[in-house]
Amino acid sequence: MSDPGTLSSIVPVILSGGTGSRLWPQSREQYPKQFLALASERTLIQDSALRTAPSDRFSSPVIVCNEQQRFIVAEQMRAISVTPRTIVVEPLARNTAPAIAAAALAIDDPQALM
């Protein structure tokens with residue numbers, strides 16, 4: 001295990017997947033719950049990004065989403081002035097483990113903590 005003092009940063013990873021089936025009719029396939037304002041004036045994905053806003057502790061987030069939602073993700077991040085490190089687009093939904101692996105591959109700092 002590496003010394004925590006040598007870590008360059010913590011890279012938040014936000015998994016923005018889902019089919020929008022649990023909160024129907026508000027949530028739907030093209031606009032699932034992470035894009036809805038349920039607990040505050042901001043959407044769930046915006047609140048998640050702001051909880052780990054770039055600072056001394058956190059770097060910009062890696063966001064994993066599907067191809068149809070990449071523009072919604074980008075717009076919602078712009079609305080709160082968060083610039084993602086990258087937006088990883090999944091060609092096919094394959095659940096959590098492959099999404100995390102894709103995010104790990106997108107982080108170019110071997111000393112970073114996800």
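Remember, it's a predicted structure, so these values are computed and weren't measured experimentally. The chain is numbered in sequence order, starting from 1.
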* Structure fact -> Between Ile80 and Ala49 the two heavy atoms that sit nearest each other are CD1-CB, 4.0 Å
* Structure fact -> Taken in chain and number order and not counting sequence neighbours, the residues that satisfy side chain to side chain contact (heavy atoms under 4.5 Å, CB included) with Glu67 are Arg70, Val89
* **Minimal non-hydrogen separation, Ser60 against Pro12, with atom names** => O-CD, 4.0 Å
* Asked: If only atom types and distance count, is the side chain of Ser16 paired as donor or acceptor with the main-chain N or O of Cys65 below 3.5 Å?
  -> no
* **Gln46 side, atom CD; Arg78 side, atom CZ - distance, nearest 0.5 Å** => 11.5 Å
* Structure fact -> Nearest heavy-atom contact between Pro84 and Ile63 is CG-CD1, 4.0 Å
* Looking at Gln76 and Phe35, what are the two nearest heavy atoms and their distance? -> NE2-O, 3.4 Å
* **Taking every non-hydrogen atom, the tightest pair across Phe58 and Ala53** => CB-O, 3.7 Å
* Give the C-alpha distance, both sets of side-chain angles, the deciding distance and a yes or no for side chain to side chain contact (heavy atoms under 4.5 Å, CB included) between Ile45 and Met77. => CA-CA 8 Å; Ile45 194 169; Met77 293 302 104; 4.0 Å; yes
* To do: Give the other cluster members for Leu15, using side-chain heavy-atom distances under 4.5 Å between Ile, Leu, Val, Met, Phe, Trp and Tyr residues; answer none if it is isolated.
  => Val11, Val13, Val62, Val64, Val88, Ile100, Ile107, Met114
* Under 4.5 Å between side-chain heavy atoms, hopping through other hydrophobics if needed: is there a path connecting Leu50 to Ile72? -> yes
* To do: Applying side chain to side chain donor-acceptor pair (under 3.5 Å), name anything that partners Glu41, two or more places apart in sequence or on another chain.
  => none
